[in-house]
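Notes to accompany the following structure.
Just so it is clear, the values below take in all heavy atoms, side chains as well, and ignore hydrogens, waters and symmetry mates. Fair warning: this is a prediction, and the values are worked out from it, not measured in the lab.
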Amino acid sequence: MMNTKHIKNIIRSNIKGLVFTACIVVFSMYLSNIQSIKDATHLAATAFAIIIGVLLSPWFFKYQHTFQAGVHFSAKKLLRLGIVLYGFNITLTELLSVGFNGFIFSAIVVSSIFITSVIIGTKIFRLDRETSMLVGAGSAICGAAAVLALESSLKSDPFKGILAVGTVVIFGLIFMFLCPFGFAFDLIPGFDQNAMGVYMGAILHEVANVAGAADMAKDMANFDQKAANIAIIIKMMRVILLVPFLLIVTYFVAKDQHSDHGKTTKTLTIPYFAFAFLGMIVFNTYLSDRESFLGIETNTIVNLGRNLCTICIVFAMAALGLQIDFKKFLKSGVRVFGLALFLGIALLIGGYFLTLMFKGILW
């Protein structure tokens, strides 16, 4: 049994690490709410958190024995809570509005990009399979949330997750600006507003990227609200695919490890939080039809859930940024970003032709 002194040291380490990470979170959210910075960069608090975390990582490694427990708690436990609470952004009604065809469309995007990432990442860019999977998940599904969820299930090294998240932040922002610009200047032939909505929902990495691109398109090209809603719904369909994706990938990775001389080198975690995420979507759908729940206004509950989700994800991003190893980053970072660029081009081109194929079916 652990003695009292050891328990106290663990508690102190957790508290110090959480307080340190919280300082990054507060500063990141402060920067993201300054209007001039928001207009100039369009960066969310998650992006600021990971940037600040990376900048402070050399200092963190120097004193990690003091802060490690709390930082690890932020990167693992708070991450999973954030993913569960992400369900407050989605309702089953929204998902059902695009129907079975929308599911097939989204499934094609997710499966093709992820499989391409694993094959090209390992064969062409000579990356390990876990890194290729993480980059593929971020590009194919829902950006940083997908990377962090898969990283949690695979129990991969933190620096692999931070590399994959970095690609999501950078290419998500680039594409967020390219989409409204291309539509406003008629650089995307054959697309009306609804088609552009489907296209943005299909290729952009983060939900925030889709919302940002739609807002910019409204200013630049009179993009209507219906098209913006289509973009969000298609994106949300990709988000909900995170649940079966985690279960399928975890199953096949575990099966592959067991088939290797009947032994595994790593214990995989069954992503139970994925079921909680799905349950939260059902709960959010239930709340959407009611004005109050247990005497509390449903809008208050939903807003609280969304705000807590954001805080948890920002904590996780800051913690991951702190844990990056610059030596490992410089060694494999170029190849990781090369893979992300390849996947980005595949999304731009493949998403264009796939959207044209589904024209008249989805809208």
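- Two different hydrophobic clusters hold Leu308 and Val26 under the rule that ILVMFWY side chains link at heavy-atom gaps under 4.5 Å.
- Proximity of a side-chain donor or acceptor of Ser112 to a complementary backbone N or O of Ile108 within less than 3.5 Å is detected.
- In this structure, Ile37 and Tyr30 have side chains that are not in contact, with every pair of non-hydrogen atoms separated by 4.5 Å or more.
- Checked against the 6.0 Å centroid threshold, Phe175 and His205 count as a close aromatic pair.
- The shortest side-chain heavy-atom distance between Phe358 and Ile104 falls under the 4.5 Å cut-off.
- Ring centers of Phe181 and Phe185: under 6.0 Å apart, within the cut-off.
- Under the 4.5 Å side-chain heavy-atom criterion for ILVMFWY residues, no single connected hydrophobic cluster contains both Leu343 and Ile119.
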Could you walk me through whether Cys179 and Val210 pass the side chain to side chain contact (heavy atoms under 4.5 Å, CB included) test, one step at a time? CA-CA 9 Å; Cys179 283; Val210 177; over 6 Å; no
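- Summarising the geometry, atom CZ belonging to Phe67 is positioned 8.5 Å from atom CZ belonging to Phe60; distances are rounded to the nearest 0.5 Å.
- Two rings, from Tyr352 and Phe191, have their centers less than 6.0 Å apart.
- Under the side-chain contact (heavy atoms from CB on, under 4.5 Å) test applied with Val314, the options Ile24, Val25, Thr21, Ile50 reduce to a single match, Val25.
- Note: the hydrophobic cluster containing Ile115 does not contain Leu347 (ILVMFWY, side chain heavy atoms under 4.5 Å, direct or indirect links).
- A 4.5 Å side-chain heavy-atom check between Val198 and Phe105 finds at least one atom pair inside the cut-off.
- Summarising the geometry, atom CG belonging to Leu92 is positioned 12.5 Å from atom CE belonging to Met236; distances are rounded to the nearest 0.5 Å.
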CA sep, side-chain torsions, deciding dist, call: Met357, Phe353, side chain to side chain contact (heavy atoms under 4.5 Å, CB included): CA-CA 6 Å; Met357 285 176 56; Phe353 288 107; 5.6 Å; no
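- When the shell of 6.0 Å around CZ of Phe283 is examined, it contains more than 12 heavy atoms from other residues, nucleotides or ligands.
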Give the table of side-chain donor-acceptor pairs shorter than 3.5 Å for residues 132-146, with sequence neighbours excluded, one pair per line with atom names and distance.
from   : atom 1 : to     : atom 2 : distance (Å)
Ser132 : OG     : Asp128 : O      : 3.1
Ser139 : OG     : Val135 : O      : 3.1

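- Every salt bridge (Lys or Arg N to Asp or Glu O under 4.0 Å) that Glu151 has, sequence neighbours left out, goes to Lys76.
- Atom-to-atom distance recorded for Phe125:CZ and Leu339:CG is 5.5 Å, nearest 0.5 angstrom.
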Under the side chain to side chain contact (heavy atoms under 4.5 Å, CB included) criterion, do Ile345 and Ile349 qualify, and how do the steps go? CA-CA 6 Å; Ile345 295 172; Ile349 298 175; 3.7 Å; yes
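- Using a 4.5 Å cut-off on side-chain heavy atoms (C-beta onward), Phe337 and Leu341 make no contact.
- Within 6.0 Å of atom CD in Gln35, more than 12 heavy atoms from other residues, nucleotides or ligands are found, so the atom counts as buried in its surroundings.
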Take Leu304 and Phe88, measure what side chain to side chain contact (heavy atoms under 4.5 Å, CB included) needs, and give me the verdict at the end. CA-CA 9 Å; Leu304 177 61; Phe88 275 109; over 6 Å; no
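- Distance check, rounded to the nearest 0.5 Å: CD1 of Ile113 to CZ of Arg238 gives 8.5 Å.
- Taking the side chain as every heavy atom from C-beta outward, Ile124 and Phe342 never approach each other to under 4.5 Å.
- Between Phe73 and Phe315, the distance separating the two ring centers is not shorter than 6.0 angstrom.
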